[in-house]
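Below is one structure, written out as structure tokens; the observations come after it.
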2 protein chains.
Amino acid sequence: MARPHQPILSRELIMTAALELVDKDGRFTVPELAHKLGVSVSSLYHHVGGRADIVEGIRGLLTRPLTEVAPADDWQEAVRRWANAYRDGFAAHPAAIPMLVSQTVSNPVTLAQYDRLAEILEDQAGLTGDDLLVAITMLDNLCLGAALDLAAPPEIWSADNRDTALTRALAAAPDPDRDRSRRAFERQLEVIIASLARQLVRD
Amino acid sequence: MARPHQPILSRELIMTAALELVDKDGRFTVPELAHKLGVSVSSLYHHVGGRADIVEGIRGLLTRPLTEVAPADDWQEAVRRWANAYRDGFAAHPAAIPMLVSQTVSNPVTLAQYDRLAEILEDQAGLTGDDLLVAITMLDNLCLGAALDLAAPPEIWSADNRDTALTRALAAAPDPDRDRSRRAFERQLEVIIASLARQLVRD
DNA sequence: ACCTGAACACCGTTCAAGT
DNA sequence: ACCTGAACACCGTTCAAGT
């Protein structure tokens, strides 16, 4: 075949196909991805730097909705919106999280969204230096953790043939209750915001 | 060489060597592990089921300290002790966390510790069914998140050559402030405990 | 510029052979 | 029972060859 007149691949196409594989199988492989795209493995390397680049692309896809979140005058409301959109992005593709956790964040879209959060906390709220970084880390962990628990409940702990308090609780639980998980997330988010607000008053 | 009179390998030896590699390099490979142990790759398979088994063994090593945590009459204190020991276990080996997150928990030592937590929350505190599982998940996420943020701060976000609110905050931050991270963890833990207590009063 | 096939180094796992 | 070397299927990456 060789070079077609119209390129059949693009970064966008590759990233979304990879994400689809992750959603379906919980993982993706470069050969699997090439097969899904009807292309030879080496073709991919004309568009992406390698596997890690594709993973970063997936991170970009998950954080893209954050771009459209409207700002708010109240810093607490701005943080709320940011955290909810961030969590939602990951919650929609929980299988991707382990991959993302094991790799440094370098995707520009994602970094830009962290910059936005940093600006909200610095310019609007008035946090500085170390406090600022701690706040970002807390919010980051909250969103990731909340999305992570959607990935798994029945699957996190192997339901072997024991009979214990844990296995009974697992059996009693319905499949991942997304609504309940969301409420737990929102409650913890309010707690963090309140704690930041208290900290600001003290200064 | 063939079979030695005294076995030179054991599960314990394999697991601890693997954990040392993870601490040193952030990852481990079966060949690397064999090399470190001065043994051929196939020898390992006489003692462990495979790579996933070794990862579960590492999980067991990290949760072993939990075995020695003394029980407490007060459920709130019991939960506090459990969560602190759990977090400390992971915080001592943060590089292992991505590996652990991507694999179902099947290690018996770890499962036994989750059973203990479930018993505390069920028998001592009085939580039931779904509430129980939600509480466990919240505590699990808290500990994992807290340990995760120790893994990284300067490394999570690629410090490229931009100048933004985020990069300035990163530059201002000292290396991972373990003490500050611990205080943030303990504050969030108290919040969860208080929220569980309030929930119990309501019933 | 963009696709291909062939090649390479590496990984996880299996298995027959040795004691 | 426990170590070994050889073999296998698979993965990520590179590169010269084609248009």
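Chain letters run A, B, ... following the sequence lines, proteins first, then strands; residues in each count from 1. Values in this document were obtained by computation on a predicted structure and should not be read as measured data. Note: hydrogens, waters and symmetry copies are ignored here, and every other heavy atom, side chains too, is used.
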* To do: With A/Arg51 as the cation and A/Phe28 as the aromatic partner, state whether NZ or CZ is under 6.0 Å from the six-membered ring centre and within 45° of the axis.
  => yes
* Asked: Under a 4.0 Å N-O cut-off, is there an ion pair linking B/Glu77 with B/Arg81?
  -> yes
* Asked: In terms of side-chain geometry, is the basic nitrogen of B/Glu190 or B/Arg187 positioned less than 4.0 Å from the acidic oxygen of its partner?
  -> no
* Identity of whatever pairs with C/dT13 - Watson-Crick or G-U, under 3.5 angstrom -> D/dA7
* To do: For D/dG18, give its Watson-Crick or G-U wobble partner with both distances under 3.5 Å, or none.
  => C/dC2
Can you tabulate the close N/O pairs, meaning under 3.5 Å, that link protein atoms to atoms of nucleotides 10-15 of chain C?
from   : atom 1 : to      : atom 2 : distance (Å)
C/dG12 : OP1    : B/Arg51 : NE     : 2.8
C/dG12 : OP2    : B/Val30 : N      : 2.6
C/dT13 : OP2    : B/Tyr45 : OH     : 2.8
C/dT13 : OP2    : B/Arg51 : N      : 2.8
C/dT13 : O5'    : B/Tyr45 : OH     : 3.4

* When you check the phosphate oxygens OP1 and OP2 of C/dC3, does a side-chain N or O of A/His47 lie under 4.0 Å from one of them? -> yes
Between atom [atom1] in [X] and atom [atom2] in [N], what is the gap in whole Å?
X	N	atom1	atom2	answer
B/His5	C/dG18	NE2	P	18 Å
B/Ile8	D/dT4	CD1	C1'	11 Å
A/Leu44	C/dT4	CG	C1'	12 Å

* **Non-hydrogen side-chain atoms of A/Tyr86 and A/Asp140 separated by less than 4.5 Å** => yes
* Asked: Will you find, in the side chains of A/Ser40 and A/Ser42, an N or O donor that is under 3.5 Å from an N or O acceptor?
  -> yes
* Atom CG of B/Asp74 with >12 non-hydrogen neighbours under 6.0 angstrom -> yes
